[in-house]
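Notes to accompany the following structure.
As the structure is a prediction and not an experimental result, all values here were calculated from the model. As a basis for the values below, the full set of heavy atoms in this structure was taken, side chains included, without hydrogen atoms, waters or symmetry mates. Counting starts at 1 for both ligands and their atoms, following the listed order.
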Amino acid sequence: MSLIVQKYGGTSVGNIERIRNVARRVARTANEGHEVVVVLSAMSGETNRLVALTLEANEFPIGREYDLVISTGEQVTIGLMALCLQEMGMKAKGFLGHQVAIITDSQFGSARIESIETERLVAELKSGVIAVVAGFQGVDAGGDITTLGRGGSDTTAVALAAALKADLCEIYTDVEGIYTTDPNICADARKLKKVSYDEMLEMASLGAKVLQTRSVEFAKKYEVPVLVRSSFSDAGGTLVCKEDKDMEKVVVSGITYNKDEAKISIIRVPDRPGIAVKVFRPLSEAAINVDMIVQNISHDAHTDLTFTVSKSDYKKAMKIIKEVAAVIEAKDVIGDTSIAKVSIVGAGMRSHAGIASKTFDVLAKEGINIQMISTSEIKISVVVDVKYTELAVRVLHEAFGLGKDEVVEEKG
Ligand code: ASP
Ligand code: MG
């Protein structure tokens, strides 16, 4: 007998029929003799609807009451799921974050899980109860309800799996796993059997939207095996797990893209010590995350400084940087929201050379100008004009032999 955590996303619980369908799968798992913890999202679209309501009530809906409202979607789905399971003759109980309890810090809207009390859940599981837990929410030390950031029920599931030392954490979604790239762009995108935590971390933060990045950090830290699969089929899914020898043989595992960033350039910045901190400290003080940074070669003691921020922070960042530019006597500030970041990810890059030059070569042949570059051990990202996103993804996918028709060894 093993302990399995199953998380179902919004589309999988989008209406009663689907909830009942999921309940059947849960019941089947329990009837096979496993202890089952179910983590649910709100019905698809529900959290967006709740967020919109808070915006109607208040121009800047943040803090305690915002979380109070947007956490309610999950209360509905766990209740309905437990009711469906009960109707099938199963023992099931729904639990909100504070009833577990999932303890977080007090960063409303993007709280981090600090600890999970497992006693109550363990006792319920031992007595044969299927525990249905609300994703996305927790409770802080003061007893207030918090939420974990959009997509946070993935993190609830993986954190629960870690705390309960579960044998497996299954993430059920509306796609059959992690693909070599977005199948909407490349019809021949291939489902991966396995990816390493590090690859998945890069892919999640670079734009693959299947898992919340934070959940992968948890999975890596506690070595929770995570199986991403579809609730609409019995297909095998993708296992996110520790890197093994086979994985390094495959140089490139996937191509991701992200259209949610914007680029800001400060022109003719005086080139002297202390300037970078003058530019970037006000941004960090405003809680704006800077992603890529490029500073070009200095001519006559001046340099151009370019960086990217998330589109949602773009306006705020431009305002701050225009003020900074005036103070440091830079010539100009230029913003550009029509960019995309295209990234190539693969554990095998650690041990294979030439991936960067091949990437640049492939893009050059298509006449795609590279505006910025950044790399890590296992990824290369380039910023290009947004209109080239799909083309860049397609040609790279093909150049690195990721398509279905290619004769490459499948991972795993
Ligand atoms: N319902 C929340 C959201 O839409 C959490 C989740 O789905 O993971 O962001
Ligand atoms: Mg999700």
Evaluate [X] for polar contact with ligand 1, using N/O atom pairs at a separation under 3.5 Å.
| X | answer |
| --- | --- |
| Lys7 | no |
| Gly151 | yes |
| Asp154 | no |

What residue and heavy atom of the protein are closest to [atom], and at what distance?
| atom | value |
| --- | --- |
| atom 7 (O) of ligand 1 | Ser41 OG, 3.0 Å |
| atom 3 (C) of ligand 1 | Arg150 NE, 3.3 Å |
| atom 6 (C) of ligand 1 | Ser153 OG, 3.0 Å |

Is the number of heavy atoms from other residues, nucleotides or ligands within 6.0 Å of [atom1] ([X]) greater than 12?
| X | atom1 | result |
| --- | --- | --- |
| Gln295 | CD | yes |
| Arg150 | CZ | yes |
| Ile293 | CD1 | yes |

Any non-hydrogen atom of Gly152 lying under 4.0 Å from ligand 1?
yes
Just heavy atoms, cut-off under 4.0 Å: does Glu46 contact ligand 1 by side chain, backbone, both, or neither?
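Under 4.0 Å from ligand 1, Glu46 contributes no heavy atoms.
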At a 4.0 Å threshold, what atoms of ligand 1 neighbour a non-hydrogen atom of Thr47?
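By the 4.0 Å cutoff, the relevant atoms are 1 (N), 2 (C), 3 (C), 4 (O).
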If you count the atoms of ligand 1 from 1 in the order shown, which ones are under 4.0 Å from a heavy atom of Glu74?
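Atoms satisfying the 4.0 Å criterion: 1 (N), 2 (C), 5 (C).
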Should the pair Lys220-Glu217 be classified as a salt bridge under the 4.0 Å nitrogen-to-oxygen rule?
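Here Lys220 does not pair with Glu217 in a salt bridge, since their nearest N and O are not under 4.0 Å apart.
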When the ring planes of Phe307 and Phe280 are compared, do they come out parallel, tilted or perpendicular, using 30° and 60° as the limits?
perpendicular
Test side-chain hydrogen bond (donor to acceptor under 3.5 Å, both in side chains) on Asp154 and Ser215; report intermediate values, then the result.
CA-CA 6 Å; Asp154 294 334; Ser215 72; 4.7 Å; no
For a quick test of reading the model, state the closest non-hydrogen atom pair linking Glu176 to Ser233 and the distance between them.
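Heavy atoms only, the tightest pair is OE2-OG, 3.1 Å.
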